[in-house]
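Below: one structure, written as structure tokens.
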Amino acid sequence: MPIDGDQLKRTVLGVFKHFNIRSAQISIAIVDHDEIRRIKHQFLDMDIVTDVLSIDLSDDPETCLECEIIVNAQMANEVTKNKKDHTAAAELNLYVVHGLLHKLGYEDDTEIAHEIMHAKEDELLSYLGFGKVFKGKDYIIL
């Protein structure tokens, strides 16, 4: 899929603006199923494919947000292949927002936390011009 690096940067900056983040260093890696599976196995000892991983690189997260967001472009393509409600690019930006929200303290490990986090994703993605991308969908873990 074509990757719009400028749009990904605008997405990150939009999240920073929303949360009033003034000091951060973020890198974004765009990978496929095989690579994200390898990374997840290496760092989390889990042999599954996922949409996004966030790796904290901060020495002191209170003073500066530093992380690497790893997004699965292959999954973004597959998830949106037969959908008309949003594009693979919007899906990829959802993954970036999701990864950043995890680094900002949001979790999705309980039903209420899941609802709060994904409502925030849709709020941010709507603000960024993508509309509501998550909309309560479930992902299949490969």
Side-chain angles (χ1 to χ4, degrees), residues 1-59 61-62 64-142:
M1 74 184 271
I3 304 296
D4 185 343
D6 291 335
Q7 179 58 63
L8 292 174
K9 183 176 181 179
R10 286 190 300 274
T11 294
V12 171
L13 293 174
V15 172
F16 290 173
K17 181 179 179 183
H18 179 82
F19 286 98
N20 199 29
I21 296 170
R22 301 193 187 282
S23 180
Q25 186 172 354
I26 307 299
S27 66
I28 299 174
I30 302 165
V31 301
D32 62 10
H33 287 336
D34 291 339
E35 184 63 9
I36 208 158
R37 180 189 300 266
R38 185 193 67 73
I39 295 166
K40 190 153 187 149
H41 186 265
Q42 178 182 348
F43 288 98
L44 299 173
D45 199 27
M46 298 173 73
D47 188 24
I48 59 172
V49 172
T50 190
D51 51 357
V52 60
L53 290 170
S54 304
I55 300 175
D56 191 350
L57 304 173
S58 299
D59 290 330
E62 297 295 319
C64 180
L65 176 65
E66 291 182 61
C67 66
E68 180 161 13
I69 307 295
I70 304 163
V71 293
N72 185 341
Q74 184 177 356
M75 183 172 284
N77 273 326
E78 289 175 4
V79 166
T80 59
K81 187 175 185 178
N82 296 314
K83 296 194 177 217
K84 297 188 186 325
D85 60 346
H86 69 279
T87 64
E91 185 76 11
L92 198 66
N93 279 271
L94 166 64
Y95 300 166
V96 170
V97 169
H98 187 87
L100 288 171
L101 287 176
H102 271 303
K103 293 299 121 203
L104 294 169
Y106 284 77
E107 293 299 332
D108 53 3
D109 54 350
T110 66
E111 187 173 334
I112 190 74
H114 179 274
E115 290 176 17
I116 291 168
M117 182 175 194
H118 296 302
K120 180 58 74 175
E121 288 170 356
D122 277 341
E123 175 188 341
L124 289 165
L125 290 162
S126 292
Y127 166 75
L128 292 164
F130 292 103
K132 294 182 177 183
V133 177
F134 184 79
K135 296 180 276 197
K137 66 179 138 190
D138 294 319
Y139 284 98
I140 298 170
I141 297 175
L142 303 172

> Step by step, would you call His18 with Val15 a side-chain contact (heavy atoms from CB on, under 4.5 Å)?
Replying inline: CA-CA 5 Å; His18 179 82; Val15 172; 5.7 Å; no

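Note that CD1 of Ile55 is 8.5 Å distant from NZ of Lys103, once rounded to the nearest 0.5 Å. For the atom pair Glu35 CD and Ile30 CD1, the distance stands at 13.0 Å (nearest 0.5 Å). Separating the CZ atom in Phe130 from the CD atom in Gln7 is a distance of 3.5 Å, to the nearest 0.5 Å. Taken from CD1 in Ile21 to CD1 in Ile26, the straight-line distance is 7.5 Å, to the nearest 0.5 Å. Note: Met117 CE to Thr110 OG1 = 11.5 Å, rounded to the nearest 0.5 Å. Separating the NE2 atom in His33 from the CD1 atom in Ile48 is a distance of 12.5 Å, to the nearest 0.5 Å.
Side-chain contact between Lys132 and Leu125 is absent, with no heavy atoms from C-beta onward closer than 4.5 Å. Within the 4.5 Å cutoff, the side chain of Leu94 has heavy atoms near those of the Glu91 side chain. Looking at Val96 and Ile28, their side chains come closer than 4.5 Å, going by heavy atoms from C-beta outward. Contact annotation: the side chain of Leu8 never approaches that of Val71 to less than 4.5 Å [non-hydrogen atoms, C-beta and beyond]. Using a 4.5 Å heavy-atom threshold, the side chains of Leu104 and Leu65 count as touching. Phe43 has its side chain out of reach of Leu53: every pair of non-hydrogen atoms, C-beta onward, lies at least 4.5 Å apart. In this structure the side chain of Gln74 reaches within 4.5 angstrom of the side chain of Glu78, judged on heavy atoms. Side-chain contact between Leu101 and Phe19 is present, with at least one heavy-atom pair separated by less than 4.5 Å.
Although no hydrogens or angles enter the test, the distance criterion places a donor-acceptor pair under 3.5 Å between the side chain of Asn72 and the main chain of Thr50. Without hydrogens or angle criteria, Ser58 side chain to Glu66 main chain gives a donor-acceptor distance under 3.5 Å.
Minimum heavy-atom separation, Glu68 to Ala29: OE2-CB, 3.4 Å. Ile70 and Ile36 make their closest contact through O-CD1, 3.8 Å (heavy atoms, listed as atom of the first residue, atom of the second, distance). Minimum interatomic distance between Ser54 and Ile69 (heavy atoms only, all atoms of both residues): OG-CD1, 3.6 Å. Taking both residues in full, the closest heavy atoms of His102 and Asp108 are given as CE1-OD1, 3.4 Å, listed atom of the first, atom of the second, then distance.
Taking the six-membered ring where the residue is Trp, His118 and His98 present parallel rings, their angle staying beneath 30° rather than reaching 60°.
Legend: residues meeting salt bridge (charged side-chain N to carboxylate O under 4.0 Å, His left out) with Glu107, ordered by chain and number and at least two apart, are absent. Residues forming a salt bridge (charged side-chain N to carboxylate O under 4.0 Å, His left out) with Lys120 (at least two apart in sequence, or on another chain): Glu123.
A donor and an acceptor atom, one from each side chain of His114 and Glu111, are nowhere located under 3.5 Å apart.
For the pairing with Tyr95, the side-chain contact (heavy atoms from CB on, under 4.5 Å) check across Val133, Leu100, Val79, Thr11 returns one residue only, Val79.
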